[in-house]
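Below is one structure, written out as C-alpha coordinates; comments come after it.
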Amino acid sequence: MHPLDYPGPAAVHAGWLAADGGWRDLGSAAVPEELRTGRTCVVAVGSNAAPRVLAAKLTAAGVMTPVAMVPMHVVGLAIAHSAHVSPAGYVATTPYAAVGVRTRVVASWFAPDQLAALDATEPNYRRRRLPVELTGAPPAAQAYVSRWGVLAPGGIPLAPATQAEVHRVLAGDPVLARLVRLDDGPAAVDMLGRAETRERVRLRLVEVGWVSPTGL
(Lines give C-alpha, C1' and ligand atoms only; values in the text may rest on other atoms or scores of the structure.)
Protein backbone atom coordinates (compact mmCIF):
# COMPACT_ATOMS: atom_id res chain seq x y z
CA MET A 1 0.00 0.00 0.00
CA HIS A 2 1.32 3.45 -0.94
CA PRO A 3 1.24 5.89 2.00
CA LEU A 4 -1.08 8.23 0.10
CA ASP A 5 -3.60 5.36 -0.16
CA TYR A 6 -3.82 4.83 3.60
CA PRO A 7 -5.71 2.99 5.10
CA GLY A 8 -6.65 0.76 2.17
CA PRO A 9 -10.06 -0.89 1.54
CA ALA A 10 -11.51 -2.38 4.73
CA ALA A 11 -13.20 -5.78 4.80
CA VAL A 12 -16.75 -5.43 3.51
CA HIS A 13 -18.05 -8.90 4.36
CA ALA A 14 -17.27 -11.39 7.12
CA GLY A 15 -14.62 -13.87 6.09
CA TRP A 16 -11.11 -15.01 6.80
CA LEU A 17 -7.62 -14.66 5.44
CA ALA A 18 -6.44 -18.12 4.39
CA ALA A 19 -2.92 -19.41 4.98
CA ASP A 20 -2.03 -18.44 1.40
CA GLY A 21 -3.16 -14.84 2.02
CA GLY A 22 -6.32 -15.30 -0.03
CA TRP A 23 -9.81 -14.32 1.11
CA ARG A 24 -12.67 -16.69 1.94
CA ASP A 25 -16.19 -15.36 2.57
CA LEU A 26 -18.03 -16.57 5.65
CA GLY A 27 -21.41 -15.63 4.28
CA SER A 28 -24.02 -15.91 7.02
CA ALA A 29 -22.02 -18.50 8.97
CA ALA A 30 -20.53 -17.73 12.37
CA VAL A 31 -16.78 -17.47 12.84
CA PRO A 32 -15.48 -21.06 13.17
CA GLU A 33 -14.61 -22.01 16.73
CA GLU A 34 -11.04 -22.86 15.75
CA LEU A 35 -10.56 -19.28 14.54
CA ARG A 36 -11.66 -17.85 17.91
CA THR A 37 -10.53 -20.26 20.64
CA GLY A 38 -7.26 -19.25 22.25
CA ARG A 39 -7.13 -16.08 20.21
CA THR A 40 -7.38 -12.36 21.02
CA CYS A 41 -10.03 -10.23 19.37
CA VAL A 42 -8.70 -6.90 18.11
CA VAL A 43 -11.03 -4.23 16.73
CA ALA A 44 -9.42 -2.30 13.88
CA VAL A 45 -10.27 1.17 12.54
CA GLY A 46 -7.30 1.82 10.24
CA SER A 47 -5.14 -0.24 7.90
CA ASN A 48 -5.45 -3.38 10.04
CA ALA A 49 -9.09 -3.47 8.89
CA ALA A 50 -7.88 -3.92 5.29
CA PRO A 51 -7.41 -7.60 4.37
CA ARG A 52 -4.63 -6.84 1.89
CA VAL A 53 -2.64 -4.80 4.42
CA LEU A 54 -3.14 -7.30 7.24
CA ALA A 55 -2.14 -10.23 5.01
CA ALA A 56 1.04 -8.40 3.97
CA LYS A 57 2.01 -7.75 7.60
CA LEU A 58 1.44 -11.33 8.72
CA THR A 59 3.06 -12.85 5.64
CA ALA A 60 6.17 -10.70 6.14
CA ALA A 61 6.39 -12.00 9.70
CA GLY A 62 5.90 -15.62 8.61
CA VAL A 63 2.70 -16.10 10.63
CA MET A 64 0.06 -16.09 7.88
CA THR A 65 -2.23 -18.73 9.37
CA PRO A 66 -5.99 -18.13 8.93
CA VAL A 67 -7.45 -14.99 10.52
CA ALA A 68 -11.18 -14.27 10.78
CA MET A 69 -12.24 -10.70 9.95
CA VAL A 70 -15.78 -9.53 10.72
CA PRO A 71 -17.16 -6.02 10.01
CA MET A 72 -19.47 -4.77 12.76
CA HIS A 73 -20.76 -1.62 14.40
CA VAL A 74 -19.94 -0.54 17.92
CA VAL A 75 -21.39 2.29 19.98
CA GLY A 76 -19.19 4.48 22.17
CA LEU A 77 -16.20 4.61 19.85
CA ALA A 78 -15.22 7.06 17.10
CA ILE A 79 -12.30 7.41 14.68
CA ALA A 80 -9.98 10.35 14.10
CA HIS A 81 -6.48 10.91 12.86
CA SER A 82 -3.69 10.38 15.34
CA ALA A 83 -1.48 13.29 16.42
CA HIS A 84 1.64 11.80 14.85
CA VAL A 85 3.14 10.89 11.50
CA SER A 86 4.00 7.26 10.80
CA PRO A 87 7.48 6.19 9.64
CA ALA A 88 5.93 5.58 6.20
CA GLY A 89 4.93 9.26 6.04
CA TYR A 90 1.16 9.09 6.45
CA VAL A 91 -1.03 10.39 9.28
CA ALA A 92 -2.80 7.30 10.57
CA THR A 93 -6.06 7.03 12.50
CA THR A 94 -6.91 5.98 16.03
CA PRO A 95 -10.07 5.07 17.92
CA TYR A 96 -11.19 7.33 20.74
CA ALA A 97 -14.01 7.25 23.27
CA ALA A 98 -17.18 9.01 22.08
CA VAL A 99 -20.40 8.53 24.02
CA GLY A 100 -23.30 7.43 21.82
CA VAL A 101 -21.33 7.44 18.56
CA ARG A 102 -21.91 4.42 16.29
CA THR A 103 -18.87 3.37 14.27
CA ARG A 104 -18.10 0.64 11.78
CA VAL A 105 -15.04 -1.42 12.70
CA VAL A 106 -13.51 -4.75 11.71
CA ALA A 107 -12.93 -7.37 14.40
CA SER A 108 -10.17 -9.95 13.87
CA TRP A 109 -9.05 -12.87 16.04
CA PHE A 110 -5.29 -13.41 16.34
CA ALA A 111 -3.19 -16.31 17.60
CA PRO A 112 -0.39 -15.33 20.05
CA ASP A 113 2.39 -15.35 17.43
CA GLN A 114 0.28 -13.27 15.06
CA LEU A 115 -0.50 -10.77 17.80
CA ALA A 116 3.19 -10.42 18.66
CA ALA A 117 3.99 -9.82 14.99
CA LEU A 118 1.24 -7.20 14.73
CA ASP A 119 2.43 -5.45 17.90
CA ALA A 120 5.85 -5.05 16.28
CA THR A 121 4.28 -3.10 13.40
CA GLU A 122 2.56 -0.61 15.73
CA PRO A 123 5.30 1.33 17.59
CA ASN A 124 3.08 4.42 17.91
CA TYR A 125 0.16 2.53 19.43
CA ARG A 126 -0.69 0.71 22.63
CA ARG A 127 -2.94 -2.32 22.50
CA ARG A 128 -5.69 -1.64 25.03
CA ARG A 129 -8.69 -3.60 26.22
CA LEU A 130 -11.84 -1.76 25.21
CA PRO A 131 -14.33 -0.59 27.87
CA VAL A 132 -16.86 -3.28 28.79
CA GLU A 133 -19.71 -0.81 28.27
CA LEU A 134 -18.84 -0.47 24.57
CA THR A 135 -22.00 -1.72 22.87
CA GLY A 136 -21.56 -4.23 20.06
CA ALA A 137 -17.91 -5.14 20.64
CA PRO A 138 -16.99 -8.80 21.23
CA PRO A 139 -16.21 -9.70 24.86
CA ALA A 140 -12.66 -8.77 25.95
CA ALA A 141 -12.01 -7.02 22.62
CA GLN A 142 -8.89 -4.89 22.31
CA ALA A 143 -7.78 -2.11 19.98
CA TYR A 144 -4.60 -0.31 19.01
CA VAL A 145 -4.84 3.19 20.48
CA SER A 146 -2.48 6.03 19.61
CA ARG A 147 0.25 6.79 22.14
CA TRP A 148 0.14 10.43 21.04
CA GLY A 149 -3.55 11.26 21.25
CA VAL A 150 -6.04 12.53 18.68
CA LEU A 151 -5.30 15.18 16.06
CA ALA A 152 -7.85 17.86 16.94
CA PRO A 153 -7.36 21.31 15.36
CA GLY A 154 -9.42 23.79 17.34
CA GLY A 155 -10.31 21.02 19.76
CA ILE A 156 -12.33 19.11 17.15
CA PRO A 157 -11.08 15.57 16.31
CA LEU A 158 -10.13 15.33 12.65
CA ALA A 159 -12.37 12.64 11.15
CA PRO A 160 -10.85 10.14 8.70
CA ALA A 161 -9.89 11.93 5.48
CA THR A 162 -7.56 11.46 2.54
CA GLN A 163 -3.91 12.17 3.16
CA ALA A 164 -4.14 15.18 0.85
CA GLU A 165 -6.92 16.59 3.04
CA VAL A 166 -4.91 15.94 6.21
CA HIS A 167 -1.93 17.71 4.62
CA ARG A 168 -4.08 20.75 3.92
CA VAL A 169 -5.18 20.84 7.56
CA LEU A 170 -1.59 20.65 8.77
CA ALA A 171 -0.60 23.41 6.35
CA GLY A 172 -3.03 25.69 8.17
CA ASP A 173 -0.30 26.17 10.75
CA PRO A 174 2.57 28.32 9.41
CA VAL A 175 5.27 26.36 11.22
CA LEU A 176 4.01 23.02 9.94
CA ALA A 177 3.69 24.47 6.45
CA ARG A 178 7.37 25.43 6.56
CA LEU A 179 8.48 22.01 7.76
CA VAL A 180 7.49 20.38 4.49
CA ARG A 181 5.80 21.34 1.22
CA LEU A 182 2.58 19.54 2.02
CA ASP A 183 1.15 20.02 -1.48
CA ASP A 184 3.91 18.01 -3.15
CA GLY A 185 2.15 14.63 -3.01
CA PRO A 186 4.65 11.73 -2.86
CA ALA A 187 7.53 14.10 -2.17
CA ALA A 188 5.67 15.44 0.86
CA VAL A 189 5.14 11.89 2.14
CA ASP A 190 8.84 11.13 1.79
CA MET A 191 9.72 14.26 3.74
CA LEU A 192 7.11 13.58 6.42
CA GLY A 193 8.49 10.07 6.91
CA ARG A 194 11.89 11.31 8.02
CA ALA A 195 12.44 10.82 11.75
CA GLU A 196 13.43 14.43 12.42
CA THR A 197 10.42 15.82 10.56
CA ARG A 198 8.01 13.42 12.25
CA GLU A 199 9.22 14.46 15.69
CA ARG A 200 9.05 18.17 14.87
CA VAL A 201 5.50 17.76 13.59
CA ARG A 202 4.44 15.85 16.69
CA LEU A 203 5.92 18.45 19.03
CA ARG A 204 4.37 21.31 17.06
CA LEU A 205 0.93 19.70 17.29
CA VAL A 206 1.29 19.68 21.07
CA GLU A 207 2.60 23.24 21.09
CA VAL A 208 -0.38 24.66 19.19
CA GLY A 209 -2.91 22.63 21.20
CA TRP A 210 -4.05 20.41 18.34
CA VAL A 211 -3.97 17.24 20.45
CA SER A 212 -6.79 15.70 22.48
CA PRO A 213 -6.70 12.53 24.62
CA THR A 214 -8.25 9.33 23.27
CA GLY A 215 -10.08 8.56 26.51
CA LEU A 216 -9.15 4.89 26.08
Side-chain angles (χ1 to χ4, degrees), residues 1-74 77 79 81-82 84-95 103-130 134 136-147 160 162-163 186 189-190 193 198 216:
M1 178 186 71
H2 190 279
L4 287 175
D5 295 329
Y6 174 91
V12 177
H13 305 292
W16 74 90
L17 291 171
D20 62 2
W23 179 259
R24 309 288 188 271
D25 276 328
L26 268 173
S28 59
V31 176
E33 187 67 25
E34 63 269 22
L35 294 185
R36 290 188 291 112
T37 302
R39 295 181 173 229
T40 300
C41 178
V42 178
V43 168
V45 301
S47 61
N48 288 337
R52 184 176 63 178
V53 174
L54 189 57
K57 286 185 177 184
L58 297 179
T59 298
V63 290
M64 190 57 257
T65 52
V67 178
M69 301 183 73
V70 180
M72 61 181 60
H73 286 87
V74 296
L77 202 68
I79 310 171
H81 284 275
S82 174
H84 82 282
V85 180
S86 76
Y90 58 79
V91 182
T93 56
T94 182
T103 297
R104 189 178 188 276
V105 300
V106 175
S108 300
W109 285 259
F110 298 101
D113 59 345
Q114 294 174 322
L115 199 57
L118 203 56
D119 285 348
T121 71
E122 301 291 355
N124 289 293
Y125 291 79
R126 295 185 176 94
R127 182 160 45 85
R128 295 284 180 83
R129 184 165 177 168
L130 293 172
L134 194 69
Q142 301 180 9
Y144 286 102
V145 180
S146 174
R147 294 173 179 268
T162 67
Q163 291 298 297
V189 171
D190 291 342
R198 289 190 286 113
L216 294 172

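Start at 1 with the first residue, then count along the sequence.
Scanning both residues, H13 and D25, for their nearest heavy atoms gives CB-OD1, 3.9 Å. Closest approach of G46 and Y6 over heavy atoms only: CA-OH, 3.6 Å. Residues W109 and P138 share a closest heavy-atom pair of CZ2-CG, 4.2 Å. Across every non-hydrogen atom of R104 and P71, the tightest pair is NH2-CB, 3.2 Å. Taking every heavy atom of both residues into account, P9 and R52 meet most closely at CD-NH2, 4.3 Å.
The OG1 atom of T94 lies 11.0 Å from the CZ atom of R126; values are rounded to the nearest 0.5 Å.
Using modelled atom types, one finds no donor on one side chain facing an acceptor on the other under 3.5 Å when comparing D119 with Y125. S146 and S82 share a side-chain donor-acceptor pair at under 3.5 Å.
Within a 6.0 Å radius of NE2 in H73, more than 12 heavy atoms belonging to other residues, nucleotides or ligands are found.
Residue pairs satisfying the salt bridge (charged side-chain N to carboxylate O under 4.0 Å, His left out) criterion with at least one member in residues 9-18, sequence neighbours excluded, are absent.
Side-chain atoms of T37 never come within 3.5 Å of backbone atoms of E34 as a donor-acceptor pair (strictly under, hydrogens ignored). Judged by distance alone, the side chain of R147 and the main-chain N or O of P123 form a donor-acceptor pair under 3.5 Å.
The shortest distance between side-chain heavy atoms of K57 and Q114 does not fall below 4.5 Å. At a threshold of 4.5 Å between non-hydrogen side-chain atoms, the residues L115 and R127 count as touching. For the pair L54 and S108, the minimum side-chain heavy-atom distance is below 4.5 Å. In this structure the side chain of P87 reaches within 4.5 angstrom of the side chain of N124, judged on heavy atoms. For the pair P32/L26, a side-chain contact is recorded, criterion being any heavy-atom separation below 4.5 Å from C-beta on.
Put simply, the residue from T93, T121, V53 that forms a side chain to side chain contact (heavy atoms under 4.5 Å, CB included) with S47 is V53.
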Give the C-alpha distance, both sets of side-chain angles, the deciding distance and a yes or no for side chain to side chain contact (heavy atoms under 4.5 Å, CB included) between L118 and V63.
CA-CA 10 Å; L118 203 56; V63 290; over 6 Å; no

